[in-house]
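To start, the structure under review is shown below, and the notes come after it.
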Amino acid sequence: MGSGFSARTVVLGVTGGIAAYKAVELCRRLVEAGAHVAPVMTEDATRFVGEVTLSALASEPVRKSLWDEPEPIPHTGLGQRADVVVVAPATARFIGAYAQGICDDLLTATVLATRAPVVLCPAMHSEMWEHPAVRHNLALLVRRGVVVVPPAEGHLAGGDSGVGRLAETDVILSAVGGVLRRRVVGAVGAAGVCASSRLGGRKVVVSAGGTREPIDPVRFITNRSSGKQGHALADEAARRGARVVLVTTTDRSVLPDVQVVRVGSAAEMETAVVEQAADADVVIMAAAVADFRPKSPAVVKLSKADGVPDLVLEPTPDILVELGRRRRPGQVLVGFAAQTHDVTERARAKLTAKGVDLMVANDVSAPLVGFDHDTNAVVILGAGGIRREVGLRSKEAVAEAVLDTVEEILDRDSRYTESEDRG
Ligand code: CTP
């Protein structure tokens with residue numbers, strides 16, 4: 001990880017939320033990775049964490065004010081020096097001010113004065129995170145190219161729990177590293193949108209989660225899929241400027257710009273995915289679709305008094321095969337293969353049998369891999385000899401690797417089409 005950060009200037013903004021203490025660790029890790037960290041705190045942030053602590057760990061002292069700094073105009077200086085501006089935690093107030101262009105302190109002035117990409121890591125109580133004002137402001141910022149690392153689920157201040165806690169430091173580092181890497185690869189537009197991303201403006205459909213196959217109105221058959229990998233893929237595609245539709249069985253949080261279609265069974269997922277895929281450029285089947293379902297689900301709740309039900313199962317439709325049949329020219333199809341043995345051979349066989357461009361395979365019997373973990377380790381296999389091993393990483397990092405490979409295919413295909421046109 002170190003190389004991507006070395007000699008890069010990270011302006012680290014810290015706003016006034018309880019998660020401000022975690023910014024200290026983030027600062028330390030960025031410096032350790034070789035970044036030059038220029039910290040900026042809001043007045044409220046200093047109520048949660050000591051200015052001296054952050055100054056001691058960063059590469060230069062904390063700045064707080066537009067007026068008291070040695071430089072006459074600190075915000076433009078910071079904005080121009082930054083390779084990336086990271087705000088962690090970002091409060092609802094800060095997000096609102098930034099979205100509306102209100103610069104009433106050094107940090108809000110800096111994010112408006114910079115042409116560097118901006119990464120926001122919101123942290124707040126679930127009620128605030130879900131408030132339409134916050135959603136609207138974030139959606140505005142994402143449309144302008146701001147990268148948002150969504151909050152995680154877990155314990156919140158005051159003994160509550162839910163969505164809203166600051167994303168894990170590793171997840172933030174991985175997102176910032178991705179932004180810096182793309183900055184090296186291609187030009188970043190004035191709005192911070194990655195101009196080099198092949199996904200910019202394209203429609204990407206992602207499916208996620210395990211399907212639920214009803215036995216009766218209250219019981220169902222499902223599997224251990226959490227939907228985390230699919231949601232990470234949807235978020236990452238949105239960060240790259242794609243128009244993303246996520247067909248999911250879970251109510252896990254997702255970036256505000258992602259259009260969500262909630263489904264339950266394999267049949268519902270098929271209808272939604274096939275409809276959305278009709279004009280999509282990329283379709284990623286990360287969902288764990290049940291292979292079998294009860295043939296005749298009961299219409300009323302089964303009772304113990306009726307005895308043990310005699311469940312007759314039937315196969316579900318294979319959505320990926322159906323997508324292959326209906327595939328429009330140039331569309332990239334990606335499948336996932338969760339295996340417990342002979343991972344590569346089985347995934348290669350599925351790659352051919354299902355006629356997809358990429359198969360992302362993982363060994364779900366390995367520790368910390370796949371189902372319900374925050375981490376994953378995969379091998380990405382593709383037609384034409386593509387083979388990419390991704391060791392144990394966060395699901396966000398795996399999503400980056402998968403989408404990098406999708407972009408390579410889009411790039412290759414477009415060059416092919418362009419040279420055909422010329423020929
Ligand atoms: N898939 C699908 N529809 C199904 C089953 C699977 O679209 N009814 C998709 C999954 O979303 C995944 C890929 O196919 O992208 C591979 O899923 P997997 O369950 O590993 O493959 P199967 O064909 O069901 O093979 P197996 O016999 O190993 O279960």
Side-chain angles (χ1 to χ4, degrees), residues 204-214 220-234 237 245-250 261-278 280 282-295 313-327 331-366 369-372 376-383 386 390 395 398-399 401-403 405-406 409:
V204 175
V205 178
V206 181
S207 71
T211 62
R212 297 171 162 201
E213 309 305 328
F220 51 81
I221 298 175
T222 189
N223 55 62
R224 291 177 53 207
S225 168
S226 64
K228 285 181 188 169
Q229 186 61 76
H231 282 236
L233 279 157
V245 179
L246 174 68
V247 181
T248 180
T249 61
T250 88
V261 181
R262 289 201 202 285
V263 295
S265 64
E268 286 168 16
M269 181 165 276
E270 183 185 31
T271 307
V273 171
V274 165
E275 185 190 325
Q276 291 296 338
V282 179
V283 185
I284 305 178
M285 281 298 297
V289 185
D291 286 326
F292 308 103
R293 64 183 170 205
K295 193 168 182 181
L313 302 178
E314 66 176 6
T316 55
D318 194 314
I319 305 171
L320 205 45
V321 168
E322 186 57 30
L323 289 171
R325 257 186 234 125
R326 296 168 180 249
R327 185 209 289 248
Q331 187 177 67
V332 177
L333 264 186
V334 182
F336 270 68
Q339 307 293 166
T340 54
H341 56 291
D342 305 331
V343 179
T344 311
E345 300 75 70
R346 283 172 182 266
R348 261 229 187 274
K350 282 180 194 175
L351 178 77
T352 323
K354 302 207 182 202
V356 296
D357 297 283
L358 291 177
M359 197 48 110
V360 184
N362 57 1
D363 179 354
V364 287
S365 66
V369 173
F371 294 135
D372 213 26
N376 209 352
V378 302
V379 51
I380 304 170
L381 301 169
I386 294 176
V390 186
K395 287 191 169 169
V398 169
V402 171
L403 291 175
T405 319
V406 167
I409 293 180

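Residue numbers start at 1 and run along the sequence shown. We count ligands from 1, going down the list as the structure has it; atoms in each ligand are counted the same way.
Nearest heavy atoms, Ala290 versus Asn223: N-ND2, 4.4 Å. Nearest heavy-atom pair, Leu351 versus Gly382, reported as atom, atom and distance to 0.1 Å: CD2-C, 3.8 Å. Residues Asp357 and Gln331 come closest through the heavy atom pair OD2-O, 3.7 Å.
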Can you give each donor-acceptor pair under 3.5 Å made by side-chain atoms of residues 227-234, sequence neighbours left out, with the distance rounded to 0.1 Å?
from: Lys228; atom 1: NZ; to: Asp372; atom 2: O; distance (Å): 3.1
from: Lys228; atom 1: NZ; to: Asp374; atom 2: OD1; distance (Å): 2.8
from: Gln229; atom 1: OE1; to: Asn376; atom 2: ND2; distance (Å): 3.1
from: Gln229; atom 1: NE2; to: Lys395; atom 2: O; distance (Å): 3.0
from: His231; atom 1: NE2; to: Thr248; atom 2: OG1; distance (Å): 2.9
from: His231; atom 1: NE2; to: Thr250; atom 2: OG1; distance (Å): 3.3

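In this structure, Glu322 pairs ionically with Arg325, as a charged nitrogen and a carboxylate oxygen lie closer than 4.0 Å.
Sorted by chain then number, the residues whose non-hydrogen atoms approach ligand 1 to under 4.0 Å are Met285, Ala287, Val289, Ala290, Asp291, Thr316, Pro317, Asp318, Ile319, Leu320, Gly335, Phe336, Ala337, Lys350, Lys354.
Heavy atoms of other residues, nucleotides or ligands lying less than 6.0 angstrom from CZ of Arg212 number 12 at most.
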